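Have a look at the structure below, then the notes.
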Protein chains: 2
Amino acid sequence: MNNLAAAFKPKSLKLTPQRIAVYEMLKNTKAHPSAETIYNTIKEQYPTMSLATVYKTLKTLEEIGLVMELNVGEGNFRYDSNTQPHSHIVCNKCGKVDDIEDADLSHINEAVKKHTEYTVLSSKVYFYGICPECKTSDESSN
Amino acid sequence: MNNLAAAFKPKSLKLTPQRIAVYEMLKNTKAHPSAETIYNTIKEQYPTMSLATVYKTLKTLEEIGLVMELNVGEGNFRYDSNTQPHSHIVCNKCGKVDDIEDADLSHINEAVKKHTEYTVLSSKVYFYGICPECKTSDESSN
DNA sequence: ATCGCTGCAAACACTTTGCATCCAC
DNA sequence: GTGGATGCAAAGTGTTTGCAGCGAT
């Protein structure tokens, strides 16, 4: 939350309970939730919270670099409060999204510069597969 | 189009003019168009074509592996008739999407297996940057 | 002739916007 | 006190679906 205050002050953004709740919720999960999921979670404690506010807050947080949007190809966005470069893996069965933090993929940005005339600024890498839990339930259903 | 006939016959899918038009249009462009763009292009020659048919056709083509969906994070899907593994680069200025075909990124699937308990099946890599055309127009506007 | 495909319109899911009220500063 | 934020509802996108008529096999 100190993160929030520090980032908000110079932009004269207001530190509202709703914004704090959205950011704290994201900080405390590894699930990369969608706006809808964030809304449903927070609503339990902030019954007045509206989905539009969640969207507006996420957009604000993204603009100041505290949150990043993920798009794993489901047709909606997921959000991640880890803004360090890292890749993600999606379970093709249950749709879960996990971080992949330790694999160093930073060299691919360098590698690709030899093959394009674009100025390369960033990259997003998504892996797809089957998570351990779904592998286990596969076995039991066979 | 022989591709189409060959892929359709065993699945008893019908080879309609609309489906041919969608697939040929995708085969003849490098622009990774959205469904809407495909629709607008084809409509000139097939005025009766409907957007719903474009969507249905793209879904069918994807299911039989003749087309792949791209999701560069715009909130819609783009389509690519090149189903060989390759990555894409998106211009942050004009939104253009280009193929990156020569950079060998296949090793990242192997690399990531050391860092996850998922069974890794596939990956999607998107680079973001500025395309040569937009770099040039930047200079002239400065 | 059959069964799948088309095309229209309506429905849907996700996200954004307008605006009156509210509250952090 | 003021200007930005909230929350509702309505509108906007992109995509999917239902169904009657059509057309490829």
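All values derive from a computational prediction rather than experimental measurement. Chain letters run A, B, ... following the sequence lines, proteins first, then strands; residues in each count from 1.
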Write down the distance between CG (A:N40) and C1' (C:dC14), rounded to a whole number of angstrom.
14 Å
Quick check: closest heavy atoms across A:C94 and A:C91, and the distance to 0.1 Å?
N-SG, 3.4 Å
For B:R19 and C:dT6, give me the distance from atom CZ to atom C1', rounded to whole Å.
10 Å
Would you say CD of A:E117 has more than 12 non-hydrogen atoms from neighbouring residues, nucleotides or ligands within 6.0 angstrom?
no
A:Y23 and A:N3: CA distance, side-chain angles, deciding distance, side chain to side chain contact (heavy atoms under 4.5 Å, CB included) verdict
CA-CA 10 Å; A:Y23 187 61; A:N3 276 357; 3.2 Å; yes
Report yes if the side chains of A:K96 and B:Y118 come closer than 4.5 Å at any heavy-atom pair, otherwise no.
yes
Using a cut-off of strictly less than 4.0 Å, decide whether B:Q18 has a side-chain nitrogen or oxygen near OP1 or OP2 of C:dC5.
no
DNA chain C contacts among residues 46-58 of chain B, heavy-atom distance under 4.0 Å:
B:T48, B:M49, B:S50, B:A52, B:T53, B:K56
By the ring-ring contact (aromatic ring centres under 6.0 Å, His included) test, which pairs, at least two apart or in different chains, include something from residues 24-74 of chain B?
B:H32-B:H88
Could you go through the side chain to side chain contact (heavy atoms under 4.5 Å, CB included) check for B:V125 and B:I108 one step at a time?
CA-CA 10 Å; B:V125 180; B:I108 68 173; 3.7 Å; yes
Gap separating the NZ atom of A:K93 from the CD atom of A:E133, nearest 0.5 angstrom:
13.0 Å
Partner residues of B:E74 under the salt bridge (Lys or Arg N to Asp or Glu O under 4.0 Å) criterion, sequence neighbours left out:
B:R78
Taking C-beta and beyond as the side chain, do A:T16 and A:T53 meet within less than 4.5 Å on heavy atoms?
no
First and last nucleotide of DNA chain D in contact with chain A, 5' to 3', at under 4.0 Å to a heavy atom: what are they?
D:dG3 to D:dA9
Sub-4.0 Å heavy-atom contacts from residues 61-77 of chain A onto DNA chain D, ordered by number:
none
Residues B:K59, B:E62: salt bridge by 4.0 Å N-O rule:
no
Lys/Arg-Asp/Glu bridge criterion (N-O < 4.0 Å) met for A:K27, A:E24
no
Could you tell me the separation between the OH atom of A:Y39 and the C1' atom of C:dT15, rounded to a whole number of Å?
14 Å
Over the length of the helix from C:dA1-D:dT25 to C:dC25-D:dG1, how much do the five-pair end axes diverge, rounded to 10 degrees?
40°
Spacing of NE2 belonging to A:H86 relative to CG belonging to A:D99, to within rounding of 0.5 Å
3.5 Å
A:Y79 vs A:E69 side-chain heavy atoms within contact, under 4.5 Å:
yes
